[in-house]
Q: 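Below: one structure in structure tokens.
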Amino acid sequence: MIDKNLLDNLLDVYPGKSMKNRKEHIMIKDSSQEKQHIKANTRTIPGIMTNRGCAYAGCKGVVVGPIKDMIHIVHGPIGCSYYAWGTRRNKARADKGGKNFINYSFSTDMQDPDIVFGGEKKLKQAIKEAVETFDPEAISISATCPVGLIGDDINAVAKEAQKEYGIPVLAFSCEGYKGVSQSAGHHIANNKFMSELIGNREREVKKYSVNILGEYNIGGDAWEIDRIFEKIGYEIVSTMTGDGSFKDIQAAHEANLNLVMCHRSINYIAEMFEEKYGIPWLKVNFIGPKAMVKTLRNMAKYFDDEELIQRTEEVIAEELAEIEEPLARYRKLCEGNTAFLFVGGSRAHHYQNLFKEIGIEPVLAAYEFAHRDDFEGREIIPEIEKTADDRNIPDLEVSKDEARYRLRLSKERYERLKEEMPLAEYEGLIADMEDGKIIIDDLNHYETEVLLKALKPAVFGSGIKDKYVAQKMGVFSKQLHSYDYSGPYAGFKGAVNFARDISAGINTPTWNYITAPWKNEPEIEAELGGAS
């Protein structure tokens, strides 16, 4: 049980107004309370070292960038392009006869004159060069902060280019300042996909056809999921967007079920799919054997076919038998340790069970850019009041597509399945946390240091911006955004990879030899002024 005084002392150092603000973003799980609430998706307090990204990072870096056969042009300074390229290790392989541009970084490299006189001419030239050099299926344009400030009309440029070159050109007005975090960029990307991409291509699909939404193939996760699905007999129409293909996403409206992995980055489009095309969505978790088994069984139950259910159980038995011995071996090396989880999307939730399965107890879970429903569940969505920041990204209104809408489930069966599985539902992080554990929104560097010192976890599951804070304090830190050049971690075999890496990390003696530089030299001495 976490001592409440720890959090009181943590907050005491803040000025009064800041303390009141941060108190609403931190809680200790207490199931004796009828309902616990947490504040989220609000602006970070100025001056605090936050780990959040911007709307542009969420749009281009997370959702749009992993589509492999599109050229993704960043209209802005070169640093913005580099920031959203390659850092999450979204792997991809070219389809047969197709192309893969995932390893390229395309930018208009705006300079001072472009800011003063406008950058539309430079953007048009970049599109021309991209088409002539690479002959892509499609092009995306992502706007960065300067573009919105100077008023370049990327949508007009996109329409002109589309007409001139005869390929789809999608413009994303995802300037970094448009939201309080990268979450705003996810929403912008979802809206554009639904309004200009999905539904533009027809194809025949099998009965057991699915879209995987919010899976970005970090470290090869999607390939491991694909392997299991194909073994059972599912057809994956499209993955949004890890190893994703532009043409596959165009035909995504043909699938019979949407599987939502990362609720925050893609929940918007899941709801629009159901409204426009009649495709139900199921909240899934591919991280950890227990979660994977539960997901596979829910999928088989949804399709209601005895042969599929039997095949699912056979594959589950085969996969579990294969990983039982190595997982037990790594569990012995990990048992009795604790972990902090601070990851965006739903990962701070998804990885809880996997850590527990290898004997490590999560004592803190935090999100970078979650909304209240990611913590408290979707039932509280009607209670959430819109802020001025929320209104920067208008909700896209979709209506039933009379030509393509198909009722996949009867109303009666839909309601019955909702009682048995998370169909169009997500209970959120708090529901799965144990009493006495800490839950935090927008954890910052100061809070990270204090809590690491007080609770001394064996592993800190994090992102790149906070990873080295922990490691300089002698705590093993594992990136769960990019996997530190390892993976896959999804599915059954992925769980073994994860257990191997975590056991190696926490059992190395390296961390005992680390002394933070500020402990040896707490003061930095310098002289003001230049050489004579």
Side-chain angles (χ1 to χ4, degrees), residues 59-75 81 84-86 88 90-108 123-143 154-174 185 188-205 209-217 222-223 226 235-255 266 269 273 277 404:
C59 181
K60 193 275 177 186
V62 176
V63 181
V64 180
I67 302 175
K68 60 191 175 188
D69 51 0
M70 286 181 80
I71 279 183
H72 305 292
I73 298 176
V74 174
H75 188 33
S81 186
W85 166 73
R88 298 183 77 235
N90 309 105
K91 291 181 173 291
R93 300 178 183 130
D95 294 332
K96 189 175 182 181
K99 297 177 180 179
N100 177 15
F101 302 112
I102 203 78
N103 292 324
Y104 292 88
S105 179
F106 300 93
S107 173
T108 54
L123 176 59
K124 290 175 185 179
Q125 180 62 25
I127 295 170
K128 181 176 184 290
E129 289 180 17
V131 171
E132 292 175 350
T133 307
F134 296 98
D135 188 26
E137 294 281 351
I139 291 175
S140 79
I141 304 166
S142 296
I154 63 169
N155 288 281
V157 173
K159 286 179 182 177
E160 182 183 319
Q162 188 162 304
K163 186 176 180 180
E164 182 175 352
Y165 302 113
I167 61 171
V169 181
L170 277 61
F172 296 85
S173 298
C174 55
I188 291 166
N190 280 216
N191 286 352
K192 183 69 72 169
F193 280 6
M194 184 56 68
S195 63
E196 296 189 28
L197 179 54
I198 294 162
N200 289 337
R201 191 170 76 91
E202 310 297 326
R203 66 176 264 192
E204 291 291 325
V205 299
S209 57
V210 300
N211 294 316
I212 303 177
L213 310 182
E215 166 48 52
Y216 301 105
N217 201 31
W223 295 334
D226 292 355
E235 178 187 9
I236 300 170
V237 180
S238 72
T239 301
M240 295 189 197
T241 54
D243 197 29
S245 159
F246 179 80
K247 286 187 174 180
D248 287 345
I249 295 172
Q250 284 184 309
H253 62 287
E254 302 282 10
I266 213 95
I269 210 169
F273 261 119
Y277 301 112
R404 294 173 173 144

Q: Determine whether E137 and F101 make a side-chain contact, defined as any pair of heavy atoms from C-beta on separated by less than 4.5 Å.
A: no
Q: Between H72 and W85, is there a donor-acceptor pair closer than 3.5 Å when you use the side chain of the first and the backbone of the second?
A: no
Q: Do side-chain atoms of N200 reach the backbone of E196 as a donor and acceptor pair under 3.5 angstrom?
A: yes
Q: Judged by atom type as modelled, is there a donor-acceptor pair below 3.5 Å linking the side chain of T241 to the main-chain atoms of V63?
A: yes
Q: Provide the closest heavy-atom pair for Y277 versus G199 in the form atom of the first, atom of the second, distance.
A: OH-CA, 3.7 Å
Q: Does a side-chain heavy-atom distance below 4.5 Å link I188 with S173?
A: no
Q: Whether the side chain of R201 engages the backbone of K247 through a donor-acceptor N/O pair (distance < 3.5 Å, no angle test) should be reported.
A: yes
Q: I need the minimum non-hydrogen distance between N211 and S238, along with the two atoms involved.
A: OD1-OG, 2.9 Å
Q: Using the side-chain contact (heavy atoms from CB on, under 4.5 Å) rule, take N217 and T239 through it: C-alpha gap first, then chi angles, then the decisive distance, then the call.
A: CA-CA 9 Å; N217 201 31; T239 301; over 6 Å; no
Q: Side chains of H253 and V237: does their closest heavy-atom pair fall under 4.5 Å?
A: no
Q: Check whether any side-chain heavy atom of E202 sits under 4.5 Å from a side-chain heavy atom of R404, and report yes or no.
A: yes
Q: Holding to salt bridge (charged side-chain N to carboxylate O under 4.0 Å, His left out), I want the full list of residues that pass it with E254, two or more places apart in sequence or in another chain.
A: none
Q: Without placing hydrogens or testing angles, list every side-chain donor-acceptor pair under 3.5 Å for residues 158-172, not counting sequence neighbours.
A:
residue : atom : partner : partner atom : Å
Q162    : OE1  : V169    : N            : 2.8

Q: Which atoms form the tightest heavy-atom contact between G61 and P66, and what is the distance?
A: O-CD, 4.4 Å
Q: Take atom OH in Y104; do more than 12 heavy atoms of anything else shown fall under 6.0 Å from it?
A: no
Q: Do I236 and V210 make a side-chain contact, defined as non-hydrogen atoms from C-beta onward lying under 4.5 Å apart?
A: yes
Q: Would K91 and D243 pass as an ion pair if we require N to O under 4.0 Å?
A: no
Q: Considering only heavy atoms from C-beta outward, does the side chain of I198 approach that of M240 to under 4.5 Å?
A: yes
Q: Start with the C-alpha distance between R203 and D248, add both sets of side-chain angles, then the distance that settles side-chain contact (heavy atoms from CB on, under 4.5 Å), and finish with yes or no.
A: CA-CA 9 Å; R203 66 176 264 192; D248 287 345; 3.6 Å; yes
Q: Should I139 and V131 count as side-chain neighbours, where that means a heavy-atom distance under 4.5 Å?
A: yes
Q: What's the shortest heavy-atom distance between A255 and S209, and which atoms?
A: CA-OG, 3.6 Å
Q: Do I127 and V157 make a side-chain contact, defined as non-hydrogen atoms from C-beta onward lying under 4.5 Å apart?
A: yes
Q: Give the intermediate values and the outcome of side-chain contact (heavy atoms from CB on, under 4.5 Å) for residues Y216 and I266.
A: CA-CA 11 Å; Y216 301 105; I266 213 95; 4.1 Å; yes
Q: Can any side-chain N or O of K60 pair as donor or acceptor with the backbone N or O of V74 at less than 3.5 Å?
A: no
Q: With sequence neighbours left out, write down each residue that passes salt bridge (charged side-chain N to carboxylate O under 4.0 Å, His left out) with E204, or none if nothing qualifies.
A: none
